[in-house]
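The block underneath contains the structure these notes are about, expressed in structure tokens.
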Protein chains: 2
Amino acid sequence: MKQKNLRPFGQQREYTTFDTEPMFSKATEYAIRAVIFIAQKSNSETKVSLQEIAAAIDSPEFFTAKILQKLSGKNVLITSSRGRTGGFFMTDAAKKRPVMSVLEVMGEDELFNKCVLGLDKCSELKPCPMHHQYKTVKKNLIALFERKTIAQLAAEVNAGNSFISSES
Amino acid sequence: MKQKNLRPFGQQREYTTFDTEPMFSKATEYAIRAVIFIAQKSNSETKVSLQEIAAAIDSPEFFTAKILQKLSGKNVLITSSRGRTGGFFMTDAAKKRPVMSVLEVMGEDELFNKCVLGLDKCSELKPCPMHHQYKTVKKNLIALFERKTIAQLAAEVNAGNSFISSES
DNA sequence: TATTATTCAGACAAACTTGTCCGTTTATAT
DNA sequence: ATATAAACGGACAAGTTTGTCTGAATAATA
Ligand code: FES
Ligand code: FES
């Protein structure tokens, strides 16, 4: 039995963790789910609060706040209003935007420009050995996020066909 | 090796970084490129050293060492030998394995089981609103990494049609 | 045998992402 | 006016990934 020495904080690690990565960052996952919920429950008259959002999508509240601030940045996706009856809402125009626009605000659309093997640039002139096969799949991925609108996803959730929280 | 924006310590940062994530972790990217190089340059008689590998794929040497240790773990992908004329090599059988086997060793094949919106489980019974569209793309991705063998990628690089380093 | 060149193993350091907190601002309601 | 309830914004804490270093083990060579 090898001795494991204590660390100041953090749990014991095997060192070689190399934990698996999801497609998007947590922030982006929360962002998409939040936007779907806001599209579902709000309009120019009816707003939803941070607490409602975090509860609905089962996300850490204060972290979600940061993300919502970012999403409301250019007021093109979600709009926020302060004060006692404040909250977040989306206009009908915003709801019609593609999911890709969320990825863009989160800066995660760069994923689709990157080399899958980590070369500095993904290019036709100096491709990695996965490039040609990968670009077809990548094209499908992009098309998927370009095609699907936030409103479409919200409608699916509304109909009870799909979910944006793991809870119950 | 491109130097990465060294900072004094925790100072200047926009806070809301939310930097874009690639498909795989750096560790996995290096792993795939390393394995391709080893397949290309080694056999049971000829070995390649850590230094050669890191130089060829333009990766941080000591970090690459960790990854190679992991890859040689079960001696099924790459084999290592110590001592003065030591190094790493792959058998012909190993070279015929799919790229997916690298992802498996790196623990990154879990990517393909995860919900794209971060729900606890990706399931048909309680799917997220992207699930049905996404699973088709996911299937293509899996097929891609299952189908392509390490030897095939190495052959492409050998023929000069593709590259595993950004340098020169 | 001594030297040298390699991988191995663990600790450590740096950078980044995720998550929490708290005081401030803003607008409404009492 | 005052209290209340919401978003805002900055600092900070916790956790993970990435990268570095050093000494030990190993095996060939001089
Ligand atoms: S160069 Fe690697 S994916 Fe295009
Ligand atoms: S449930 Fe989200 S991808 Fe399957």
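A, B, ... follow the sequence lines: proteins, then strands. Residue 1 opens every chain.
Atom-to-atom, CZ of Phe63(B) to P of dT22(D) comes out at 19 Å; the value is rounded to the nearest Å. Atom C1' of nucleotide dT20(D) and atom CG of Leu50(B) are separated by 13 Å, given to the nearest angstrom. Rounded to whole Å, atom P of dT18(D) lies 18 Å from atom CD of Glu61(B). One atom, OH of Tyr30(B), and another, C1' of dT18(D), lie 8 Å apart when rounded to the nearest Å. Nucleotide dT17(C) holds its P atom 13 Å from the CD1 atom of Ile67(A), rounded to whole Å. The separation between Phe89(B) atom CZ and dT7(C) atom P is 13 Å, rounded to whole Å. One interatomic measurement links the two molecules: NZ of Lys70(A) to C1' of dT17(C), which rounds to 12 Å at whole-angstrom precision. Between Lys47(B) atom NZ and dC8(C) atom P the separation is 12 Å, expressed in whole Å.
Checking the phosphate oxygens (OP1, OP2) of dA6(D), no side-chain nitrogen or oxygen of Ser81(A) falls inside 4.0 Å.
Heavy-atom minimum distance, Cys115(B) versus Leu119(B): SG-N, 3.4 Å.
Judged by distance alone, with hydrogens and angles left aside, Arg82(A) brings a side-chain donor or acceptor within reach of the base of dT25(C), the pair sitting under 3.5 Å. Judged by distance alone with a 3.5 Å cut-off, a donor-acceptor contact links the side chain of Gln69(A) to the base of dG9(D).
Using a 3.5 Å distance cut-off with no hydrogens or angles, the side chains of His131(B) and Glu124(B) do pair a donor with an acceptor. Using modelled atom types and a 3.5 Å distance limit, the side chains of Gln40(A) and Asn158(A) yield a donor-acceptor pair.
Where Phe62(A) and Thr85(A) meet DNA chain C, the nucleotide closest to each residue was compared, and Phe62(A) sits on the side nearer the 5' end.
For Lys66(B), whose side chain is taken as the heavy atoms from C-beta onward, the closest listed nucleotide among dT20(D), dT20(C), dA5(C) is dT20(D). Nearest nucleotide to the Ser49(B) side chain, out of dG10(D), dT6(C), dG19(D): dT6(C). Distances from the side chain of Lys26(A) to the nucleotides dT20(C), dT18(C), dT18(D) place dT18(C) closest.
Taking the six-membered ring where the residue is Trp, Phe24(B) and Phe145(B) present perpendicular rings, their angle passing 60° and hence far from 30°.
Contact annotation: the side chain of Met23(B) never approaches that of Lys114(A) to less than 4.5 Å [non-hydrogen atoms, C-beta and beyond].
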